[in-house]
*Asks:* 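Okay, here's the structure, questions in a sec.
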Amino acid sequence: MYDYRLNGRTINVSDKELEIQKDFIKKIKKLNDDFEKENSRKKTMFISTFGCQMNAHDSEKIEGMLGEMGFVRADEEKNADFIIYNTCCVRENAENKVYGNLGYLKHAKETNPFMKIALCGCMMQEENVVETIRKKYRHVDIVFGTFNLYKLPELIYTNIETSSPVFDIWKEHKEIVEDLPSIRKYKFKASVNIMFGCDNFCSYCIVPYVRGRERSRRSYDILNEVKNLAKDGVKEITLLGQNVNSYGKSLDEDINFAKLLRMVNEIEGIERIRFMTSHPKDLSDELILAMAECEKVCGHIHLPFQAGSNRILEKMNRKYTKEKYIEIVSKIKEKVPDVAVTTDIIVGFPGETKEDVEETIDVIEKVRFNGAFTFIYSKRTGTPAAVMENQVSEKDAKIQFNRVLDALNPIVYEKNKEHLGKVYKVLAESVSGNDESFITGRLEDNSIVHFKAEKNVIGNIIDVEIIDCKTFYLTGKIISGLR
Ligand code: SAH
Ligand code: SF4
Ligand code: F3S
């Protein structure tokens with residue numbers, strides 16, 4: 001990023017880029033307004049998001065930009081004029097879904113002459129994927145990657161002007177563009193990127209190849225964004241990064257993640273602060289202390305351990321041992337009372353034996369997690385693990401995976417039961433999926449609770465008593481009303 005002077009004002013390149021894109025937004029808006037006059041309807045959009053919270057957050061920016069261009073949400077994908085898939089490639093099944101959907105869209109496009117299809121996100125950073133799209137999915141109009149999301153208006157306009165497919169994939173990051181328009185899914189909670197990319201190169205993981213080198217946003221920009229969100233009524237903030245614990249390393253400011261947390265904690269209007277993901281190797285005592293002392297920081301940490309065997313951890317390039325991991329968790333539990341610890345686990349990494357999985361189960365039993373995402377190892381071309389010897393067969397991985405689940409689920413259930421009979425502050429988030437008379441919310445420790453209440457509690461933090469529990473959720477009854 002560099003600064004230059006324009007009309008007496010200092011502008012950084014990001015500002016300039018933003019202005020360029022806003023011009024394209026205006027041009028497309030004009031075309032969409034003309035379309036509305038001719039067809040007595042607005043152009044519609046449909047966004048599908050795969051993968052992690054990073055992608056979910058990027059999709060809010062995509063929706064923000066499309067919204068400013070005059071697109072409105074379609075009720076169903078097949079009726080939309082602009083369809084975009086924000087893709088993930090962390091595991092093979094996420095990729096297969098995209099190909100499957102694209103096949104189906106070919107027919108849908110034949111019946112809607114206005115339909116445009118765009119693909120973006122992590123999968124598009126893989127050369128073989130883009131080749132496949134070019135050759136086999138010719139009905140796709142726009143393809144871009146993870147480094148040039150902010151160019152979407154320009155890409156759409158180029159596609160309209162040239163009437164031919166636009167492929168724009170960058171190999172690496174160029175600049176961070178601040179202040180993109182965004183339409184948030186919730187009014188009362190929001191995610192904020194604090195960093196992009198990842199430098200850890202865990203041997204199984206494709207993220208560093210598709211999201212590029214680690215780079216942190218300036219604290220000034222982050223704090224500004226959070227302040228603006230607070231002014232807008234946001235109560236809960238989630239600070240996002242692949243490895244938030246190394247925040248600040250790429251900056252020339254005197255800052256780290258613990259300091260950033262303390263700064264965000266000072267922002268008026270924000271009531272809850274969450275963050276993800278933490279890598280155990282960079283988790284400092286300073287961060288544990290900040291978690292303990294900042295009253296708005298939620299008592300929850302998502303701390304993936306991936307595997308329990310030290311031999312496997314080394315082959316995974318995780319840079320900690322099983323003993324170190326358990327020690328870190330004990331420290332957190334000691335300093336942050338009632339903290340909930342959740343994790344990610346991979347089963348079936350190359351060379352992982354039944355005995356290695358015993359070590360994973362041992363960590364589960366010692367730490368007693370409040371929750372875990374469990375994955376069967378998925379081979380990702382281009383990563384070191386993909387060419388390691390002794391790849392585990394699907395059948396064997398599945399057997400070990402079930403053993404892990406059998407150890408994990410009863411513990412998660414037991415941990416959940418600890419909530420019974422107690423009253424917690426709950427952020428009411430949405431109408432429950434199963435029963436319209438129930439509201440779904442989250443405790444500070446991130447547990448999900450369903451309780452009977454009116455819709456107007458949504459967006460408020462209320463007192464809820466926990467009256468029943470299952471493995472993955474709680475049931476409660478409302479104790480206090482709105483505040
Ligand atoms: N940056 C985060 C995780 C990002 S990916 C971290 O390091 O904690 C989310 C999870 O997907 C990882 O924690 C890991 O458990 C899982 N994952 C990543 N690559 C995988 C692969 N090739 N196969 C199976 N699971 C994988
Ligand atoms: Fe992947 Fe490891 Fe980076 Fe997480 S820390 S994104 S698992 S390389
Ligand atoms: Fe997937 Fe990309 Fe996230 S690969 S998990 S969407 S960073």
Side-chain angles (χ1 to χ4, degrees), residues 21 25 43-69 71-74 76-78 80-105 108-109 115-127 129-130 132-133 137 139-156 159 165-170 173 176-177 180-186 190-193 195-198 205-212 238 240-242 276-277 380:
Q21 296 309 320
I25 287 180
K43 276 213 170 164
T44 56
M45 61 173 159
F46 197 93
I47 307 171
S48 293
T49 310
F50 301 82
C52 65
Q53 289 200 28
M54 299 276 174
N55 262 17
H57 190 47
D58 283 349
S59 286
E60 294 185 339
K61 295 180 190 166
I62 292 172
E63 183 161 2
M65 289 188 272
L66 291 173
E68 292 209 345
M69 292 173 210
F71 289 96
V72 293
R73 273 188 206 173
E76 266 189 280
E77 183 182 81
K78 65 175 174 31
D81 301 304
F82 191 86
I83 295 174
I84 181 160
Y85 287 176
N86 190 5
T87 62
C88 168
C89 55
V90 80
R91 283 170 293 274
E92 198 183 358
N93 51 8
E95 296 202 340
N96 290 342
K97 250 194 220 156
V98 170
Y99 287 129
N101 286 9
L102 275 182
Y104 159 80
L105 276 187
K109 198 173 179 181
M115 187 185 282
K116 295 274 183 195
I117 301 170
L119 301 174
C120 66
C122 296
M123 236 176 119
M124 301 306 128
Q125 293 298 139
E126 297 180 287
E127 272 171 32
V129 169
V130 176
T132 309
I133 304 284
Y137 298 87
H139 53 297
V140 172
D141 300 283
I142 297 170
V143 176
F144 59 100
T146 57
F147 302 114
N148 52 347
L149 177 86
Y150 65 87
K151 290 248 182 212
L152 177 61
E154 185 174 344
L155 301 180
I156 295 180
N159 173 258
V166 176
F167 283 69
D168 191 22
I169 290 115
W170 298 358
H173 153 85
I176 295 175
V177 175
L180 288 180
S182 156
I183 293 182
R184 296 194 318 272
K185 193 167 167 207
Y186 299 95
S191 302
V192 174
N193 284 122
M195 59 204 297
F196 302 97
C198 180
C205 183
I206 199 152
V207 172
Y209 305 90
V210 295
R211 286 271 172 178
T238 303
L240 288 183
Q242 291 299 351
M276 70 182 309
T277 298
R380 306 284 64 209

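This is a predicted model, so every value here is computed, not measured.
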*Asks:* According to side chain to side chain contact (heavy atoms under 4.5 Å, CB included), who are the partners of Asn93, at least two apart in sequence or on a separate chain?
*Replies:*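 Partners of Asn93 by the side chain to side chain contact (heavy atoms under 4.5 Å, CB included) criterion, ordered by chain and then number, come out as Arg91.
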
*Asks:* How close do Cys198 and Val207 get, counting heavy atoms only, and between which atoms?
*Replies:*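 Smallest heavy-atom distance, with atoms named: CB-CG1, 4.4 Å.
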
*Asks:* With a 4.5 Å limit on heavy-atom distance, are the side chains of Phe46 and Phe82 in contact?
*Replies:*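 SC-SC contact between Phe46 and Phe82 ruled out.
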
*Asks:* Which atoms form the tightest heavy-atom contact between Ile206 and Val90, and what is the distance?
*Replies:*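 Looks like CG2-CA, 4.1 Å.
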
*Asks:* Is it true that Thr49 and Asn55 share a donor-acceptor pair across their side chains at a distance under 3.5 Å?
*Replies:* no

*Asks:* Is any side-chain heavy atom of Val143 less than 4.5 Å from a side-chain heavy atom of Val166?
*Replies:*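 Not in contact.
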
*Asks:* Between Gln242 and Met54, is the side chain to side chain contact (heavy atoms under 4.5 Å, CB included) condition met? List the steps.
*Replies:* CA-CA 8 Å; Gln242 291 299 351; Met54 299 276 174; 3.9 Å; yes

*Asks:* Just checking Tyr99 against Tyr137, ring centres under 6.0 Å apart?
*Replies:*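 That pair passes the under 6.0 Å test.
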
*Asks:* Any sub-3.5 Å donor-acceptor pair from Gln125's side-chain atoms to Trp170's backbone N or O?
*Replies:*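 A pair under 3.5 Å: yes.
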
*Asks:* Which pairs pass salt bridge (charged side-chain N to carboxylate O under 4.0 Å, His left out) with one or both residues in residues 47-60, sequence neighbours excluded?
*Replies:*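 Sorted pair list: Asp58-Arg211.
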
*Asks:* Rounded to the nearest 0.5 Å, what separation is found between the CZ atom of Phe144 and the CE atom of Met124?
*Replies:*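 Going from CZ on Phe144 over to CE on Met124, the span is 10.0 Å.
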
*Asks:* Is there a side-chain contact between Asn193 and Lys61 in this structure, where contact means two heavy atoms from C-beta onward sitting under 4.5 Å apart?
*Replies:* yes

*Asks:* With side chain to side chain contact (heavy atoms under 4.5 Å, CB included) as the criterion, how do Lys116 and Asp141 come out once you've worked through the C-alpha distance, each side chain's angles and the decisive distance to 0.1 Å?
*Replies:* CA-CA 6 Å; Lys116 295 274 183 195; Asp141 300 283; 3.9 Å; yes

*Asks:* Using 0.5 Å steps for rounding, measure from the CD1 atom of Ile156 to the CD1 atom of Ile142.
*Replies:* 5.0 Å

*Asks:* Taking C-beta and beyond as the side chain, do Leu102 and Val140 meet within less than 4.5 Å on heavy atoms?
*Replies:*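 Heavy-atom side-chain distance check passes, below 4.5 Å.
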
*Asks:* Mind checking the CZ-SG spacing from Phe147 to Cys120? Nearest 0.5 Å is all I need.
*Replies:* 13.0 Å

*Asks:* Apply side chain to side chain contact (heavy atoms under 4.5 Å, CB included) to the pair Glu63 and Ser182, showing each step before the final yes or no.
*Replies:* CA-CA 6 Å; Glu63 183 161 2; Ser182 156; over 6 Å; no

*Asks:* Using 4.0 Å as the upper bound for N to carboxylate O, is an ion pair formed by Lys97 and Glu92?
*Replies:* no

*Asks:* What distance separates Tyr150 OH from Ile62 CD1, expressed to the nearest 0.5 Å?
*Replies:* 14.5 Å

*Asks:* How far apart are the closest heavy atoms of Met45 and Ala80, and which atoms are they?
*Replies:* C-CB, 4.0 Å

*Asks:* Of all heavy-atom pairs between Ile47 and Ser59, which one has the smallest distance, and what is that distance?
*Replies:* CG2-OG, 3.9 Å

*Asks:* Heavy atoms, side chains only, cut-off 4.5 Å: are Leu119 and Ile84 in contact?
*Replies:*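 A side-chain contact under 4.5 Å is absent here.
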
*Asks:* Report the C-alpha separation of Thr44 and Phe71 in whole Å, then their side-chain angles, then the decisive distance to 0.1 Å, and conclude whether the side chain to side chain contact (heavy atoms under 4.5 Å, CB included) test is met.
*Replies:* CA-CA 5 Å; Thr44 56; Phe71 289 96; 6.0 Å; no

*Asks:* Would you say Thr87 and Glu95 make side-chain contact, with heavy atoms under 4.5 Å?
*Replies:*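 No, every pair of side-chain atoms sits at 4.5 Å or beyond.
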
*Asks:* Kindly compute the distance separating CD1 (Ile83) from NZ (Lys78), expressed to the nearest 0.5 Å.
*Replies:* 10.5 Å

*Asks:* Just so I know, are the side chains of Glu126 and Cys89 near enough to count as touching, which here means a heavy-atom distance under 4.5 Å?
*Replies:*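 A side-chain contact exists here, since the closest heavy-atom pair is under 4.5 Å.
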
*Asks:* Flag yes if more than 12 heavy atoms outside Lys109 fall under 6.0 Å of its NZ atom; otherwise flag no.
*Replies:*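 Counting neighbours around NZ of Lys109, more than 12 heavy atoms of other residues, nucleotides or ligands fall under 6.0 Å, so yes.
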
*Asks:* For Ile169 versus Gly145, what's the shortest heavy-atom pair and its separation?
*Replies:* CG1-N, 4.1 Å

*Asks:* Between Ile117 and Met115, is there a side-chain heavy-atom distance shorter than 4.5 Å?
*Replies:*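 Contact flag for Met115/Ile117 side chains = yes.
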
*Asks:* Rounded to the nearest 0.5 Å, how far apart are OG of Ser48 and CG of Asn86?
*Replies:* 9.5 Å

*Asks:* Between Ser191 and His57, which heavy-atom pair has the shortest distance, and what is it?
*Replies:*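 Heavy atoms of Ser191 and His57 come nearest at O-CE1, 2.8 Å.
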
